[in-house]
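Contents: one structure, followed by commentary.
Counting starts at 1 for both ligands and their atoms, following the listed order. Side-chain atoms are counted along with the backbone in the values below, which use heavy atoms only and exclude waters and symmetry mates.
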Amino acid sequence: MTDTVQTSGSTLTSVQTSEQTSEQAKTAPQAKLRLDYQAPLFAIDEVDLVFDLQPTATTVVSELKVRRLGDETTLVLDGEQLSLVELQLDGVELEAKQFHATSNKLTIFNLPSEGTLRVVTKLNPLANTALEGLYLSAGTFCTQCEAEGFRRITYFLDRPDVLSVYRTTVIADKASYPYLLANGNAIAREDLGQRHKVIWHDPFPKPCYLFALVAGDFDVLRDTFVTRDHRTVALELFVDKGNLPKADYAMGALKRAMKWDEERFNLVYDLDIYMIVAVDFFNMGAMENKGLNIFNSKYVLANDKTATDQDFLNVESVIGHEYFHNWTGNRITCRDWFQLSLKEGLTVFRDQEFSADLGMRSVNRIQDARIIRTHQFDEDSSPMAHPIRPDRVVEMNNFYTVTVYNKGAEVIRMLHTLLGEEGFQRGMAMYVERHDGQAVTCEDFVCAMEDANQVDLSQFRLWYSQAGTPHVYVEEHYDAEKQCFTLDVTQSLPATTGQNHKLPMHIPLRVEFVNKAGQPKQLNDEQGHAVTLLELRKARQQFVFHGVNEPVIAGLLADFSAPIRVEVQRNEQQLLALIAGGRDPFLRWDAVQTFYLQTLKNAVALLQTDPQLEHQALQVPSALIQLLQQELERTNTDQALLALLLQIPNEEALSQEYDCIPVEAIATAVASLRNQLAVALQAPLLKVIAQARNEIQSLDSEAIAERMLVNTCMALLAQLSDNDQVNVRLQSQFASDNMTLKFGALQAAVHAAHPYAKTFLDEFAQHWAQDVLVMDKWLAVQATSPQLESVTEIANLTGSKYFNWQNPNRIYALLAAFTHNLAALHHASGEGYQLIVGAIRRLNTTNPQVASRLLSPLLKWRKLPTKQQVLLKKELISLSRLDNLAPDLYEKVNQTLTEN
Ligand code: TRP
Ligand code: ZN
């Protein structure tokens with residue numbers, strides 16, 4: 001404890017922080033290219049940070065042990081909006097000619113081969129609304145450094161391949177900030193009267209994006225975990241005062257994650273302490289800072305009064321995700337940000353497997369496939385399309401995408417499919433053994449998988465470099481005479497921004513077969529083994545099966561074995577056979593979806609020729625109704641899968657089927673299908689609800705499945721507002737003490753414009769006005785309603801006391817949710833565009849990261865009807881002309897307007 005802290009009075013007055021000239025500010029932000037990577041010229045072996053925390057004037061003293069790695073003697077440190085107070089090298093103040101400082105860069109000339117730099121900066125955390133760097137979240141000091149936020153705290157080599165050992169001293173007022181936290185272990189504490197100080201030391205070298213600091217007042221939930229090698233790890237969960245009753249579930253999830261990672265991946269926690277802090281103001285879900293995770297409170301706080309089953313599952317998966325990063329991300333990190341999927345794709349795969357092992361594997365698989373199909377395929381067909389390992393980036397925050405994360409996880413999953421669990425784990429073991437403590441590339445990961453399994457993954461690597469969704473066309477032929485069944489398979493990959501010519505991919509296609517009567521049928525290869533996996537490698541490929549004694553139908557893409565679109569002609573009989581005889585839950589679900597989609601597309605086609613037809617345009621095939629009736633009446637069905645079967649594609653999913661999106665026809669068709677199913681199935685739907693056992697407290701899979709089913713049935717039934725039985729059920733469900741059921745009833749009523757909707761909304765708001773996370777659901781349910789009368793309703797909600805422009809959760813709940821309401825966003829009045837672009841303008845200066853997330857759904861303007869195109873393009877052009885347009889927004893707007 002030798003450090004004294006310089007709290008005020010800069011010792012160096014000659015330092016000038018020159019702001020960018022207005023000329024510079026107008027130059028377009030520069031893109032960085034993956035292939036331009038160069039290794040760092042300096043190492044920073046040790047970092048000693050001292051924070052003197054004050055809401056509007058925090059001083060950061062940073063001492064860096066810098067070492068030259070080559071001949072270069074000029075060190076350039078990154079900064080952002082910083083003001084330099086003091087600069088010394090080896091205890092001696094630098095003279096003006098020895099350095100150059102701007103708010104965004106600190107250049108130091110003639111550095112010796114080794115030395116200690118002392119850099120003092122001053123920050124205003126209270127004014128930090130971007131929530132990157134050091135900021136105040138409702139009075140709590142906290143940090144967010146990924147991807148490039150550390151440079152907002154101090155000048156540094158802000159890149160993930162510079163690894164250092166950190167020592168962090170935190171000094172703050174004792175009364176307001178009784179808890180002072182940073183990475184690693186607390187090694188000293190000192191009482192300073194009004195203030196106090198704690199020193200932390202993290203023994204594991206880490207990149208600066210994993211740095212974290214928190215100071216505030218909390219209730220703490222404490223527990224322990226005993227590792228496989230008998231070490232006791234202290235677990236500490238910090239929540240706002242009064243929130244302890246909502247913390248137990250997250251703690252349980254953490255312990256389950258720690259155990260699971262030991263058992264399934266052979267990975268054991270390393271430090272003696274693991275801390276999680278829940279904060280209310282956070283741009284994303286959570287952050288895996290070493291030993292000190294910082295979470296959006298939305299992914300921590302949950303009890304059955306306030307959280308739905310989906311909320312609980314999300315908490316479990318995000319807690320798992322951040323914990324799993326300790327190995328896949330922290331111990332082994334990324335060389336550069338183009339490699340983001342190295343840690344994110346792999347960690348999403350790991351959290352998906354965690355959730356699947358502990359819960360409902362097939363339900364999760366279907367939900368994951370749904371995310372890829374609606375959101376990732378959408379990104380692939382947008383001007384921002386990028387491979388899971390991007391080649392060109394302007395603003396890194398724009399690449400925390402469903403492509404890098406979720407398609408990245410699918411790529412890892414395909415490796416798992418090709419290598420099997422054992423082979424995959426062999427590869428993981430080799431990856432960890434080779435690269436522990438290093439900053440590496442996606443290529444290093446693939447090499448480990450290759451070397452551990454003696455396989456050639458050269459063609460598979462295209463998944464890392466080629467953007468876009470592969471299309472696979474399949475034709476089936478049966479030759480009765482030769483008893484021969486043939487699959488002709490063609491693959492193609494559409495051009496995407498910057499990539500016109502593509503090569504055929506290596507695609508694992510899981511298959512199963514049924515006969516015409518809907519019975520499972522095994523086809524064998526030459527060696528007599530059942531065929532379950534086809535490996536596609538060529539543009540055109542033929543698979544021939546001999547000894548097939550009757551015509552069969554192929555179930556293609558079982559388990560959603562690749563993030564691709566499969567196109568094959570299917571008639572009603574074939575779909576029914578697949579649904580009856582399919583063993584893979586994804587395949588059965590997918591066949592029902594195809595049935596729905598065909599029905600909807602037929603209606604859309606009719607509506608396009610004659611909009612007057614309205615609901616008469618849609619004819620639900622009687623076979624589909626019969627099928628659903630049978631499923632509803634089967635007593636031994638999996639209730640969760642039944643619920644998924646009864647969920648029809650929404651407007652956004654249907655829009656994926658069109659190059660030019662017929663907005664109004666889609667809305668009409670989906671509404672008709674929903675309504676006609678409710679009418680046709682009302683008796684069995686009511687029966688399901690009547691038979692529910694309503695074990696409202698239990699969170700086991702069966703209870704969750706039952707609630708899923710009840711809510712799905714109620715969502716259909718609520719459209720029949722003159723059915724008394726429905727109304728009685730709806731009332732009593734809304735009165736439930738269980739949030740899943742209560743919210744299910746609210747959503748059913750609002751989305752069906754049921755006469756109870758208004759009362760339910762009012763009662764709900766009255767009861768939950770004090771709980772912002774619950775009120776987020778109330779905002780979202782209105783923003784996503786297909787019955788939304790006018791955009792003004794949503795615009796008005798931005799003025800309500802439940803909304804707050806400073807808090808990302810409120811913005812996501814209301815405005816981001818609204819951007820996924822296809823008909824409302826793209827309403828021909830253009831009011832949806834005005835609302836969202838207005839919000840983006842407002843957030844451009846306060847929180848560009850959040851603004852940029854609202855912009856993505858608007859990038860597909862070229863796919864809209866002319867009227868909408870004109871209105872939206874006008875808004876986008878006006879946005880592009882904004883002074884001080886943030887790089888996040890510049891990158892997207894520019895891409896979409898210049899695309900051809
Ligand atoms: N690494 C975090 C995760 O995967 C993501 C994250 C959290 C993030 N906060 C961020 C990324 C802010 C960019 C900016 O869980
Ligand atoms: Zn992550």
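Aromatic pair Phe349/Phe424: ring centres closer than 6.0 Å. The six-membered or imidazole ring of Tyr135 lies away from that of Phe281, with a centre-to-centre distance of 6.0 Å or more. Centroid-to-centroid, the aromatic rings of Phe51 and Phe141 stay 6.0 Å apart or farther.
In this structure, Glu132 falls outside the shell of residues with a heavy atom less than 4.0 angstrom from ligand 1.
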Starting from the C-alpha separation in whole Å, work towards a yes-or-no answer on side chain to side chain donor-acceptor pair (under 3.5 Å) for Ser103 and Gln81. CA-CA 5 Å; Ser103 65; Gln81 297 172 32; over 6 Å; no
Chi angles and distances behind the side chain to side chain donor-acceptor pair (under 3.5 Å) call for Gln849, Asn283: CA-CA 7 Å; Gln849 201 182 335; Asn283 282 344; 2.9 Å; yes
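Within the 4.0 Å heavy-atom criterion, the part of Asn397 lying near ligand 1 is the side chain and not the backbone. With a 4.0 Å heavy-atom cut-off, ligand 1 is reached by the backbone of Glu146 and by its side chain too. Here Glu322 has side-chain heavy atoms under 4.0 Å from ligand 1, and that is the only part of it that gets that close. Using a 4.0 Å cut-off between heavy atoms, Lys343 contacts ligand 1 through its side chain alone, with no backbone atom that close.
Atom numbering of ligand 1 starts at 1 in the shown order; those under 4.0 Å from a heavy atom of Glu288 are 1 (N), 2 (C), 3 (C), 15 (O). Heavy-atom contacts of Tyr405 reach the following atoms of ligand 1: 1 (N), 2 (C), 3 (C), 4 (O), 5 (C) (cutoff under 4.0 Å). Which parts of ligand 1 touch His321 is read off a 4.0 Å heavy-atom cut-off, strictly below it: atoms 3 (C), 4 (O), 15 (O). Those atoms of ligand 1 with a heavy atom of His325 less than 4.0 angstrom away are 4 (O). For ligand 1, the atoms lying closer than 4.0 Å to a non-hydrogen atom of Met287 are 1 (N), 2 (C), 7 (C). Of all atoms in ligand 1, numbered sequentially from 1 with element shown, those under 4.0 Å from a heavy atom of Gln144 are 9 (N), 10 (C), 12 (C).
For the pair Trp260 and Asp357, the minimum side-chain heavy-atom distance is below 4.5 Å. Within the 4.5 Å cutoff, the side chain of His375 has heavy atoms near those of the His820 side chain.
Residues meeting the side-chain contact (heavy atoms from CB on, under 4.5 Å) test with Pro207, sequence neighbours left out: Pro160, Leu163, Tyr209, Leu210, Thr333.
Of the residues listed (Tyr464, Phe338, Phe399, Tyr400), the one engaging His386 in a ring-ring contact (aromatic ring centres under 6.0 Å, His included) is Phe399, and it is the only one.
Checking only distances, Ala286 does come within under 3.5 Å of ligand 1, N or O to N or O.
Protein contacts to the Zn ion (ligand 2) involving N, O or S atoms at a distance below 2.8 Å are His321 NE2, His325 NE2, Glu344 OE1, Glu344 OE2.
Panel note: side chain Asp223, backbone Leu235; no donor-acceptor pair is recorded below 3.5 Å. A donor-acceptor pair under 3.5 Å is absent between the side-chain atoms of Thr143 and the main chain of Cys145, judged by distance alone. Judged purely by atom type and a 3.5 angstrom limit, Thr347 uses its side chain to pair as donor or acceptor with the backbone of Lys343.
Of the options Tyr400, Tyr299, Phe295, Phe399, the smallest heavy-atom separation from atom 11 (C) of ligand 1 is shown by Tyr400.
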